[in-house]
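The structure displayed is predicted, hence computed values, not measured ones. Order of the sequence lines fixes the chain letters, A, B, ..., with proteins taken first and strands second; residue numbering starts at 1 for each chain.
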There are 2 protein chains.
Amino acid sequence: MPAAGLTIAEAAATLGLTSDTLRYYEKDGLLLRPVPRSSSGHRRYDESDLRWIVLVTRLRATGMPIRDVRRYADLVRAGDGNELPRLELLQAHREQVLQQLAEVTSHLGAIDHKIGIYEDRLRRLEISA
Amino acid sequence: MPAAGLTIAEAAATLGLTSDTLRYYEKDGLLLRPVPRSSSGHRRYDESDLRWIVLVTRLRATGMPIRDVRRYADLVRAGDGNELPRLELLQAHREQVLQQLAEVTSHLGAIDHKIGIYEDRLRRLEISA
DNA sequence: GCTTGACCTGGAGTGCACTCCAGGAGCGAC
DNA sequence: GTCGCTCCTGGAGTGCACTCCAGGTCAAGC
């Protein structure tokens, strides 16, 4: 009978994280619950753990600080009744991300312009060579 | 007779940085030259200094590490003849930024979806109240 | 029954990019 | 001539997010 759930190494590979990071997230209160253990005390991640950690990685990858992920996890862990603060937290993050995207896009435009200048210059050097 | 160029505080305000950061960039080799000094040894930033630092902030704001900005500054400082490596560095960075933008945008889509779910749920709670 | 390998814990260490600080100098205003 | 301001330097300190390590447990395979 195979054990239910993934080992920490399997979960890490699936999620694109390291085992160390998974332990760190758990210790830091980013997960909804202590990950269940096998009889020998090893972590076993089930589907709901993985689904949550995927969300955590999305929040992290869009620049949300650990401390805000923890605040969000705290809210979800607290159960029903605080949907509004959860929504507000996500909406605030969304605004941040949009602003960040706009800023980066605009800077990228300027960098692209500079790239164009170098390309022109190099084309001309090539021709005159 | 007013001195030519901005003081470090003025330059910092103009660029949206701090004086400490400007000194740090200079010490770390991110600038094209040591910033010229007044007779009393205070930095005076001229237009060319500012233009370069604007580029530095664009590179930084799009996620280029300090060490790569320094490599780019080294190339520019070395003068004509290495346009190709400069171009390649910028193009590589461009690809990074595009990939980053795509990734963030995709994660944002998933977060938006979650926001939609909360909005629906809250709307329903409101109606049934 | 002993080795091997994956996992455990608490805690120390790392890399990055600033940010702050102590001690000191120059300069205009009073 | 001294107060207050801005600036200088070298170097220490900070916050963040991991990442690594020592020393130990446990189950499976030989």
Side-chain angles (χ1 to χ4, degrees), chain A residues 1-31 34-46 49 53 55-73 93 96 100 104 107, chain B residues 1-31 34-46 49 53 55-73 93 96 100 104 107:
Chain A
M1 199 85 312
L6 304 185
T7 66
I8 193 168
E10 291 165 345
T14 302
L15 293 161
L17 300 171
T18 67
S19 301
D20 274 322
T21 300
L22 283 176
R23 288 194 205 94
Y24 163 63
Y25 281 178
E26 183 176 346
K27 190 169 11 176
D28 234 50
L30 270 56
L31 305 193
V35 176
R37 307 302 182 103
S38 71
S39 61
S40 57
H42 292 195
R43 290 172 178 81
R44 287 293 135 83
Y45 294 80
D46 77 12
D49 296 312
I53 300 169
L55 174 58
V56 169
T57 62
R58 288 194 195 287
L59 295 174
R60 292 288 305 119
T62 50
M64 184 183 285
I66 292 283
R67 120 185 53 92
D68 291 358
V69 178
R70 182 168 44 235
R71 288 209 302 122
Y72 185 64
H93 179 57
Q96 286 263 315
Q100 180 73 5
V104 168
H107 287 317
Chain B
M1 199 86 311
L6 303 185
T7 66
I8 194 169
E10 292 164 346
T14 302
L15 293 161
L17 300 172
T18 67
S19 303
D20 275 322
T21 299
L22 283 176
R23 290 194 204 94
Y24 163 64
Y25 282 176
E26 184 176 345
K27 188 166 17 171
D28 234 49
L30 270 56
L31 306 193
V35 177
R37 307 300 182 105
S38 71
S39 61
S40 56
H42 291 195
R43 291 173 179 80
R44 286 295 132 84
Y45 294 80
D46 77 13
D49 297 311
I53 300 170
L55 176 57
V56 169
T57 62
R58 288 194 196 287
L59 295 175
R60 291 287 306 118
T62 50
M64 185 183 285
I66 292 282
R67 119 185 53 92
D68 291 357
V69 178
R70 182 169 44 235
R71 287 208 305 122
Y72 184 65
H93 179 57
Q96 285 261 317
Q100 180 74 4
V104 169
H107 287 317

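- Of all heavy-atom pairs spanning B:L31 and B:A73, the tightest one is O-CB, 4.5 Å.
- Considering only side-chain atoms of B:A9, the nucleotide from D:dC7, D:dG11, C:dC16 that sits closest is D:dC7.
- For the pair A:D28 CG and C:dG11 P, the interatomic distance rounds to 15 Å; values are reported in whole Å.
- Toward the 5' end of DNA chain D, the nearer of the two residues A:H42 and A:T18, judged by each one's closest nucleotide, is A:T18.
- Inter-residue side-chain proximity for A:I66 and A:Y25 is flagged as met; some heavy-atom pair is nearer than 4.5 Å.
- Nucleotide D:dA17 holds its P atom 16 Å from the CG atom of A:L22, rounded to whole Å.
- Summarising the geometry, the separation between CZ on A:R44 and P on C:dC7 is reported as 8 Å, rounded to the nearest angstrom.
- Look at CG on A:D20: it is 11 Å from P on C:dC7, rounded to the nearest Å.
- Among the nucleotides C:dT9, D:dC8, C:dC21, the one closest to the side chain of A:R37 is C:dT9.
- The minimum heavy-atom distance linking B:D68 with B:M64 is given by the pair CB-CG, 3.5 Å.
- For the pair B:Y45 OH and D:dC7 P, the computed distance is 10 Å after rounding to whole Å.
- Within the structure, a side-chain polar atom (N or O) of B:Y25 is placed less than 4.0 Å from OP1 or OP2 of C:dC18.
- Note: CG (B:L17) to C1' (C:dC20) measures 17 Å, nearest angstrom.
- You'll find that the side chain of B:Y24 is closest to C:dC18, out of D:dC21, C:dC18, D:dC7.
- A close approach under 4.0 Å does not occur between any side-chain nitrogen or oxygen of B:S40 and OP1 or OP2 of D:dC8.
- For the residue pair A:H93/A:T62, the side-chain donor-acceptor check at 3.5 Å is satisfied.
- Atom-to-atom, NZ of A:K27 to C1' of D:dC18 comes out at 11 Å; the value is rounded to the nearest Å.
- Considering only side-chain atoms of B:I8, the nucleotide from D:dC21, D:dC7, D:dA17 that sits closest is D:dC7.
- As a whole-Å value, the separation of B:L15 CG from C:dC18 P is 13 Å.
- Between A:T21 and D:dT19, a side-chain N or O to OP1/OP2 separation shorter than 4.0 Å is present.
- B:T7 comes within 4.0 angstrom of the backbone, heavy atoms only, and of no base.
- Between C:dA17, D:dA17, C:dG10, one nucleotide has an atom nearer to the side chain of B:R60 than all others, and that is C:dA17.
- The phosphate of C:dT9 (OP1 or OP2) has a side-chain N or O of A:R43 nearer than 4.0 angstrom.
- When all heavy atoms of A:S19 and A:A12 are compared, the closest pair comes out as N-CB, 3.7 Å.
- In the set C:dC27, D:dC8, C:dC18, D:dC8 carries the atom at the smallest distance from any side-chain atom of B:R23.
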